[in-house]
There are 2 protein chains.
Amino acid sequence: MENSGIARGNIARQANKKLRRQRILDLAVRLIASDGIEGFTINRLAREARVSTPTIHNLFGKKNDIIKELVSNLIQHMGGLAVKSPPIDPIENAKFFIGNIITEFEKNTDFFRVALMSAEQLGLFHPKLPNGLHQQAQQVARPRKEWYESGLLLGNIEPSVIRETVHNSNRLGRLDWASGYIDLNQMRRQVLQNIFLAYASDASPEYHVRLCEEISSLNSQ
Amino acid sequence: MENSGIARGNIARQANKKLRRQRILDLAVRLIASDGIEGFTINRLAREARVSTPTIHNLFGKKNDIIKELVSNLIQHMGGLAVKSPPIDPIENAKFFIGNIITEFEKNTDFFRVALMSAEQLGLFHPKLPNGLHQQAQQVARPRKEWYESGLLLGNIEPSVIRETVHNSNRLGRLDWASGYIDLNQMRRQVLQNIFLAYASDASPEYHVRLCEEISSLNSQ
DNA sequence: AACTAAATTTACTTAATAGTAAAAACTGGA
DNA sequence: TCCAGTTTTTACTATTAAGTAAATTTAGTT
């Protein structure tokens, strides 16, 4: 285990092992994406990877460890989506975030689909779980102080209510996409529409007009 | 098969068969509710029902037929939820519907949980499926003409947008409950909050005030 | 080239599944 | 009470899963 004198060819071996692992993990994602977690077996993964089953066990441990790894990768990826410099305007802000998410999802469709569904089935989005998925997402959904200070939002409705609804909009959109109910374009439309509606419920008359325009332009395209 | 002269004791037999079927179906629901659809097997059902496996096959056919039956029962139940005389006021209307749903869910908790989850996993809420689940639910969520005529809602936002958001609120609430994320009280709160927010986005100033009051009273209890 | 630890495979075990044919038991009705 | 048809059970097949020990092969280092 130490990289002292004992292990001779360990530096290169570990690196190669990582590559093989990744190759097989990618394949696993593709398999689960096409046939569901149900139909996913170690045997099948081994066969398709042109490798024997003990090799899979050697590289990943038990079957569930593969899925655990996917989900932990998901949590990392999702964390990376909270970007530094979002626009100040609420509408632009919402578009910016959903745009980022879609870019990521497009880059790695199978992975996100599979990981989101696994996480859902494992109950990992449960509000009380300490993996931070829920808390993180709630944080991103919070309306900003500036929006109230500049009078775009009035504050007649508790910011936490807005936040919860925006959070739910994102959540349902992701779920519908991962379930295959809608594609990424439809997800964008649905999520933005729900978010704009939430903002409209507490918007100043002027900003309300802008939100209405945005909503109808979402549906006219 | 005919109830003519051939089959002698068939009238009573068929009735008893129905009773046994129902007893075992109820047990199946309880088993799935406690251990998930994953852990549900014909063997286990037979064991717990103190019956042999071929008996299960005799009564239900293949394994999936049991789940199909649950889901078709669900569709029937859900259809019965669209009641004749809902209140005219939007707020009361929303409370009325969610109240009905909760009453039903409480009456038959395990059944609804299991059936909703099964339906979800089978993709039965897919908008394009001809089982009517989706269309039915969309119909119920539609804002009424009277609300626009009486000036409670202004019509600055397309009614279909409101409908979609209300529908989504109901859907997510049911899903969160079935997933065990929230209990029925929390479901009520979450769904009503989201619906009121949707109405608020297009409400007249006077009705907007009432909606805001309702929302904050939801969160103070 | 040769050595050695790591990685892979062969060949297997254990355990659980869905489903079935045929014998046995049971049930309602005459 | 006894009979015929229904229902259940016994005892089984066939399939498939996860996982493992030991032999074999492979790969990096010297």
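Letters A, B, ... mirror the listed sequences (proteins, then strands); counts begin at 1. Worth saying up front: this structure is predicted, and the values here are computed from it rather than measured.
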| DNA chain D contacts made by residues 32-52 of chain B, counting heavy atoms under 4.0 Å |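 Under 4.0 Å from DNA chain D: V51(B), S52(B).
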| said: Contact list please: residues 56-69 of chain B against DNA chain D, heavy atoms, distance less than 4.0 Å, in numerical order. | reply: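 Of all residues in residues 56-69 of chain B, the ones placing a heavy atom under 4.0 Å from DNA chain D are N58(B).
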| Given the rule in the side-chain contact (heavy atoms from CB on, under 4.5 Å) test, do H167(B) and R142(B) qualify, once you have shown the distances and angles that lead to the verdict? | CA-CA 8 Å; H167(B) 169 66; R142(B) 158 170 287 144; over 6 Å; no
Distances for protein N or O near nucleotides 22-27 of chain D N or O, under 3.5 Å:
{"from": "dA27(D)", "atom 1": "N3", "to": "R13(A)", "atom 2": "NH2", "distance (Å)": "2.9"}

| query | For D176(B) and Q186(B), does a side-chain donor sit closer than 3.5 Å to a side-chain acceptor? | reply |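 No pair is found: no donor N or O on one side chain lies under 3.5 Å from an acceptor on the other.
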| query | If you measure only the distance, is there a donor-acceptor pair under 3.5 Å linking the side chains of Q22(B) and D26(B)? | reply |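 Distance-only check passes for Q22(B) and D26(B).
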| request: Answer yes when R171(A) and E164(A) have at least one side-chain N-carboxylate O distance shorter than 4.0 Å, and no when they do not. | output: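 No salt bridge links R171(A) with E164(A).
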| field | side-chain contact (heavy atoms from CB on, under 4.5 Å) between Y199(B) and V166(B), worked out | value | CA-CA 9 Å; Y199(B) 291 161; V166(B) 169; 4.0 Å; yes
| request: Step by step, work out the side-chain contact (heavy atoms from CB on, under 4.5 Å) result for F196(B) and L218(B). | output: CA-CA 10 Å; F196(B) 292 161; L218(B) 279 178; 4.0 Å; yes
| task | Spell out, as yes or no, whether a donor-acceptor pair under 3.5 Å connects the side chain of W147(B) to the backbone of I88(B). | result |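 Answer holds: yes.
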| task | For K63(A), enumerate each residue passing the side-chain hydrogen bond (donor to acceptor under 3.5 Å, both in side chains) test, keeping only those at least two apart in sequence or located in another chain. | result |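 By the side-chain hydrogen bond (donor to acceptor under 3.5 Å, both in side chains) rule, K63(A) matches no residue at all.
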Side-chain polar contacts of residues 46-55 of chain B - donor-acceptor pairs under 3.5 angstrom, sequence neighbours left out - could you list them?
{"from": "S52(B)", "atom 1": "OG", "to": "T55(B)", "atom 2": "OG1", "distance (Å)": "3.3"}

| request: Look at the side-chain N and O atoms of T53(B) and state whether any lies under 4.0 Å from the OP1 or OP2 oxygen of dT9(D). | output: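 No, no such contact exists.
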| query | Nearest-Å distance, CD1 (I24(B)) to C1' (dT8(D))? | reply |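 It works out to 11 Å between those atoms.
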| said: I need the CD-C1' distance between Q14(A) and dG28(D), as an integer number of Å. | reply: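 Result: 13 Å.
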| query | Which pairs with one or both residues in residues 53-78 of chain A pass ring pair (Phe, Tyr, Trp, His ring centres under 6.0 Å), sequence neighbours excluded? | reply |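 Every pair satisfying ring pair (Phe, Tyr, Trp, His ring centres under 6.0 Å) with a residue in residues 53-78 of chain A: H77(A)-F111(A), H77(A)-F112(A).
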